[in-house]
S.K.: 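My structure is below; once you've seen it, I'll send some questions.
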Amino acid sequence: MTTTVKARRTFARTAFYAACALFSLAFLLPMIFMIVSSFKGKLQIFEDLESVRAFLPVGDVGPDNYQGLFSRVPLARFYANSLLVSFLVVGLGLVINSLAAFGIARMRWRGQGIVMGVLIATLIVPFETLALPLLYWVNNLPYLSFATGTPELTTGWINTYAVQIVPFIANAFSIFLFVQFFKSIPRDIDEAAFIDGAGFLTVYRRIVVPLSGPAFATSAILTFLPIWNSYLWPTMVVQEESLRPLPVGLDYFFQSSTAEGVPWGQIMGYTTLVTLPIMVLFVIFQRSFVASVANSGIKG
């Protein structure tokens, strides 16, 4: 009987890991195809599409596509812009959103439920419906410009870093995530700190933040991803090439295509370089991300 039970458990475990491997492969294949194709020429890519060779670095392969990127697109500038915007949005967002969540989750005041309900309600509104009103407002806001070397008060945030950063610092989902995680921390810790003379900011800085590493890591990933991949908003508000982020650079491959057509090999190389920071970020914070999802109550 014991042998039969062990055999069933072994079979179930093997089937489970096999299913996980198949699902992982299904998600990895497009990425493998993208990376492999970035080392192939356009003709080689299309010739290999109908066989397993599409996922293998075989045939006419080389780094020519990556070398051609720098002559077609100001890649270094776009990379610097995306890194600057993404890290400022993530960094400032972690501070502001966690402070807002602390006020909702750890403090008692009238109207908390209403505020939380409004925050959750904003999650169902797609950004596309807010883009035009937001564009109107940022185009009429005062802006302190240093373009001439001296401070000058102008109107409109178009063609600035601020218009790519400020509207996205406060994030309803990040606040909700922090609220759910902060609620899982026992309030007795706060009471003990208050008895010792600590204030709310001290409790936030010395107690809540050190205990909320997984929530901060998850918020960083989920904030970084849409900002890094943002295309619609930069296209609307940034016309100067020196301020454009990486996703907007994809347009260059279609607007300046040669007589041979769209350079798909270079596009694959470009998207590989765009995807690389996201992969690195997730690998670094993977354990914290899983821990936060397991503990914050998002799973329902």
S.K.: Nearest 0.5 Å, what's the NZ-CG distance between K40 and D64?
M.R.: 14.5 Å

S.K.: Not counting sequence neighbours, which residues clear side-chain contact (heavy atoms from CB on, under 4.5 Å) with D190? List them please.
M.R.: R106, F194, V203

S.K.: In terms of ring plane angle, is the pair W228 and F224 parallel, tilted or perpendicular, where the classes change at 30° and 60°?
M.R.: parallel

S.K.: Is the shortest heavy-atom distance from the side chain of F55 to the side chain of L29 under 4.5 Å?
M.R.: yes

S.K.: Minimum heavy-atom separation for S37 to N65, with atom names?
M.R.: O-ND2, 3.9 Å

S.K.: Applying ring-ring contact (aromatic ring centres under 6.0 Å, His included) as the test, list every pair that has at least one member in residues 7-33; sequence neighbours left out.
M.R.: none

S.K.: Quick one, P277 and Y79 - any side-chain contact, counting heavy atoms below 4.5 Å?
M.R.: yes

S.K.: Would you be so kind as to tabulate the donor-acceptor pairs closer than 3.5 Å made by side chains of residues 81-97, with sequence neighbours excluded?
M.R.:
residue, atom, partner, partner atom, Å
N81, OD1, Y161, OH, 2.7
N81, ND2, R77, O, 3.3
N81, ND2, S242, O, 2.9
N81, ND2, R244, O, 2.8
S82, OG, F78, O, 3.3
S82, OG, L246, N, 2.8
S86, OG, S82, O, 2.8
N97, OD1, N171, N, 3.0
N97, ND2, G93, O, 2.9
N97, ND2, I169, O, 3.2

S.K.: Please tell me whether F102 and F178 form a close aromatic pair, meaning their ring centres lie under 6.0 Å apart.
M.R.: no

S.K.: Side chains of V163 and Y143, heavy atoms from C-beta outward: is any pair under 4.5 Å?
M.R.: no

S.K.: If I compare all heavy atoms of I175 with all of A101, which pair ends up nearest, and what's the gap?
M.R.: O-CB, 3.5 Å

S.K.: Taking the side chain from Q112 and the backbone from M107, do they hold a donor-acceptor pair closer than 3.5 Å?
M.R.: yes

S.K.: Would Y270 and Q266 satisfy side-chain contact (heavy atoms from CB on, under 4.5 Å), going step by step from the backbone distance to the final call?
M.R.: CA-CA 6 Å; Y270 191 83; Q266 291 186 9; over 6 Å; no

S.K.: For the backbone of G68 and the side chain of S71, can you confirm whether one donor and one acceptor N or O come within less than 3.5 Å of each other?
M.R.: yes

S.K.: Would you check if the side chain of W157 reaches a backbone N or O of V166 as a donor-acceptor pair within less than 3.5 Å?
M.R.: no

S.K.: Could you work out, with side chain to side chain donor-acceptor pair (under 3.5 Å) as the rule, every residue matching S38, not counting sequence neighbours?
M.R.: Y66

S.K.: What's the spacing between L177 CG and L222 CG if we round to 0.5 Å?
M.R.: 7.0 Å

S.K.: Any idea which heavy atoms bring V248 and P234 closest together, and the distance?
M.R.: CG2-CB, 3.7 Å

S.K.: Which pair of non-hydrogen atoms, one from S98 and one from Y204, has the smallest distance, and what is that distance?
M.R.: OG-OH, 2.6 Å

S.K.: Taking the ring of F127 and the ring of F168, is the distance between their centroids below 6.0 Å?
M.R.: yes

S.K.: Other hydrophobic cluster members with V58, side-chain heavy atoms of Ile/Leu/Val/Met/Phe/Trp/Tyr under 4.5 Å, chained?
M.R.: V52, L56

S.K.: Establish, from distance only, whether the side-chain atoms of Y252 and E241 form a donor-acceptor pair under 3.5 Å.
M.R.: yes

S.K.: Identify, with sequence neighbours excluded, every residue that meets salt bridge (Lys or Arg N to Asp or Glu O under 4.0 Å) alongside R53.
M.R.: D48

S.K.: Nearest 0.5 Å, what's the CG-CZ distance between L123 and F173?
M.R.: 7.5 Å

S.K.: In chain order, what residues pass the side-chain contact (heavy atoms from CB on, under 4.5 Å) check against M34, with sequence neighbours excluded?
M.R.: M31, M268, T271, T272, T275

S.K.: Is it the case that over 12 heavy atoms from other parts of the model lie below 6.0 angstrom from the CG atom of L25?
M.R.: yes

S.K.: Please find the pair of heavy atoms, one from A215 and one from F181, that lie closest to each other, and give the distance.
M.R.: CB-CG, 3.6 Å

S.K.: Under the rule for side-chain contact (heavy atoms from CB on, under 4.5 Å), what residues qualify as partners of E128, not counting sequence neighbours?
M.R.: P126, L232

S.K.: Kindly give the heavy-atom pair with the smallest separation between P57 and V61, and that separation in Å.
M.R.: C-CG1, 4.0 Å

S.K.: With sequence neighbours excluded, tell me which residues meet side chain to side chain donor-acceptor pair (under 3.5 Å) with S219.
M.R.: S174

S.K.: What's the spacing between I104 CD1 and Q180 CD if we round to 0.5 Å?
M.R.: 10.5 Å

S.K.: Show the atom names and distances, to 0.1 Å, of all donor-acceptor pairs under 3.5 Å that link a side chain in residues 130-142 to residues at least two apart or in another chain.
M.R.:
residue, atom, partner, partner atom, Å
N140, ND2, Y136, O, 2.6

S.K.: Can W264 and F46 be said to form a side-chain contact (heavy atoms from CB on, under 4.5 Å), step by step?
M.R.: CA-CA 10 Å; W264 291 108; F46 285 96; 3.6 Å; yes

S.K.: Any side-chain heavy atom of V209 sitting closer than 4.5 Å to one from F216?
M.R.: yes

S.K.: If a pair satisfies salt bridge (Lys or Arg N to Asp or Glu O under 4.0 Å) and one of its residues is in residues 84-104, list it, with sequence neighbours excluded.
M.R.: none

S.K.: Would you indicate whether L49, at its atom CG, is surrounded by more than 12 heavy atoms from other residues, nucleotides or ligands within a distance under 6.0 Å?
M.R.: yes

S.K.: Considering residues at least two apart in sequence or located in another chain, which fulfil the side chain to side chain donor-acceptor pair (under 3.5 Å) criterion with Q164?
M.R.: none

S.K.: Just how far is it from atom CD1 of I45 to atom CG of D60, taken to the nearest 0.5 Å?
M.R.: 10.5 Å

